[in-house]
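Below, chains carry the letters A, B, ... as their sequence lines are ordered, and counting in each starts from 1. As a basis for the values below, the full set of heavy atoms in this structure was taken, side chains included, without hydrogen atoms, waters or symmetry mates.
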Amino acid sequence: GQQVMQIPQYQHVQEGEDFTTYCNSSTTLSNIQWYKQRPGGHPVFLIQLVKSGEVKKQKRLTFQFGEAKKNSSLHITATQTTDVGTYFCAGPTNSGYALNFGKGTSLLVTP
Amino acid sequence: DGGITQSPKYLFRKEGQNVTLSCEQNLNHDAMYWYRQDPGQGLRLIYYSQIVNDFQKGDIAEGYSVSREKKESFPLTVTSAQKNPTAFYLCASTPRANTEAFFGQGTRLTVV
């Protein structure tokens, strides 16, 4: 299936530090979605980006979609312990009817 | 209370036995999906269904089977042919393709 690569795999920060996770695709994506999974929980939708160069903000979270629609990033400003979890990006499969998920970035925030 | 219900939350089976995982949604979504999650592997697509009585294989369909007889239900059977069935299984639904996916709480299957 279509590959969606995500880095880093793990990130450990002190509370108050910033955090960024990156997502790259080998092919152009029609859209990209981001999800958050808390430890022991299930993935929860955060946002969908559709337009080339799109930037969206949700409080301390900033999402970007690259100009070529092949990469995306999620940046968290001034992390809090509530940000702990694994962040996944996901792009459409070749059929367009399902999602291919990256392997995720696990964020640990220590107070 | 709308959403997706997966049951049971934890499931133990002996090697060589088939087991069926339940997934029910009352969101009136057309599309439903099954993903498998292993540590450090992200979510891998097993099967998906865009409409009743139709389903498609995902990337890791071998050893699994599904049915979609009703819009609300998309059960997954893990057969004895699945070499490494122990995993966390997630069911999801979307109103249509390329829209927000809603996930169930997951079923953690352990085969001993």
Side-chain angles (χ1 to χ4, degrees), chain A residues 1-11 21-25 28-51 56 58 63 65 69 72 85-108, chain B residues 3-7 9-10 21 23 25 27 29-51 54-62 64 66 68 74 76 87-108:
Chain A
Q2 184 169 290
Q3 294 280 338
V4 178
M5 310 301 291
Q6 199 171 346
I7 56 169
Q9 189 173 2
Y10 302 100
Q11 186 81 55
T21 173
Y22 300 91
C23 186
N24 292 288
S25 170
T28 301
L29 300 171
S30 60
N31 70 90
I32 194 157
Q33 298 181 20
W34 286 91
Y35 291 79
K36 176 183 178 181
Q37 184 176 24
R38 294 183 187 275
H42 59 280
V44 175
F45 175 82
L46 294 175
I47 208 160
Q48 182 180 44
L49 304 172
V50 178
K51 298 177 184 176
K56 286 189 176 180
Q58 291 178 350
F63 302 85
F65 201 10
K69 300 181 76 173
S72 181
T86 301
Y87 293 85
F88 293 98
C89 62
T93 58
N94 288 333
S95 71
Y97 291 119
L99 288 172
N100 266 332
F101 283 79
K103 292 188 177 183
T105 296
S106 292
L107 173 63
L108 179 61
Chain B
I4 300 183
T5 302
Q6 289 186 245
S7 60
K9 190 170 183 180
Y10 299 95
L21 280 57
C23 179
Q25 55 102 356
L27 300 168
H29 287 174
D30 286 326
M32 297 187 74
Y33 312 82
W34 275 104
Y35 287 90
R36 169 180 171 142
Q37 186 172 30
D38 297 282
Q41 292 297 314
L43 280 68
R44 293 183 290 168
L45 182 65
I46 305 173
Y47 268 98
Y48 62 99
S49 168
Q50 292 296 306
I51 198 169
D54 186 50
F55 47 82
Q56 305 296 328
K57 292 182 179 180
D59 296 324
I60 56 166
E62 186 174 349
Y64 299 98
V66 293
R68 186 88 188 275
F74 192 39
L76 173 74
F88 188 47
Y89 290 89
L90 286 158
C91 179
S93 71
T94 61
R96 54 195 176 280
N98 285 317
T99 56
E100 172 185 352
F102 294 79
F103 283 85
Q105 300 286 333
T107 293
R108 194 166 297 278

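Contacts of A/Gln6 with chain B are absent, with no heavy-atom separation under 4.5 Å from either backbone or side chain. With a threshold of 4.5 angstrom between heavy atoms, B/Gln50 approaches chain A through side-chain atoms but not through N, CA, C or O. Neither the backbone nor the side chain of B/Ala31 comes within less than 4.5 Å of any heavy atom of chain A. At a 4.5 Å heavy-atom cutoff, B/Phe102 makes no contact with chain A through either its backbone or its side chain. In this structure, no portion of B/Thr94 lies under 4.5 Å from any heavy atom of chain A. Contact of B/Tyr33 with chain A is made through the side chain alone, with heavy-atom distances under 4.5 Å.
Formation of a donor-acceptor pair under 3.5 Å by the A/Tyr97 side chain with backbone atoms of B/Gln56 is not found in this model.
Side-chain contact of B/Tyr48 with A/Ser95: a donor-acceptor pair under 3.5 Å is present, judged by distance alone.
With a 6.0 Å radius and a threshold of 12 heavy atoms from other residues, nucleotides or ligands, A/Leu108 has its CG atom above the threshold. In the displayed structure, B/Glu62 atom CD is contacted under 6.0 Å by at most 12 heavy atoms of other residues, nucleotides or ligands.
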Check your understanding: Does the pair B/Gln6 and A/His42 meet the rule for a side-chain contact (heavy atoms from CB on, under 4.5 Å), with working shown?
Key -> CA-CA 11 Å; B/Gln6 289 186 245; A/His42 59 280; over 6 Å; no

Practice item. Run the numbers on B/Asp59 and A/Asn100 for side-chain contact (heavy atoms from CB on, under 4.5 Å), then give the verdict. Key: CA-CA 9 Å; B/Asp59 296 324; A/Asn100 266 332; 3.5 Å; yes

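Of all the listed residues (B/Gly104, B/Ala97, B/Ala101, B/Gly106), the one sharing the greatest number of non-hydrogen pairs under 4.5 Å with chain A is B/Ala101. Considering only heavy-atom pairs separated by less than 4.5 Å from chain A, the leading option among B/Leu90, B/Leu45, B/Thr99, B/Asn98 is B/Asn98.
To the nearest 0.5 Å, atoms CD (B/Gln41) and CZ (A/Phe101) are separated by 15.0 Å.
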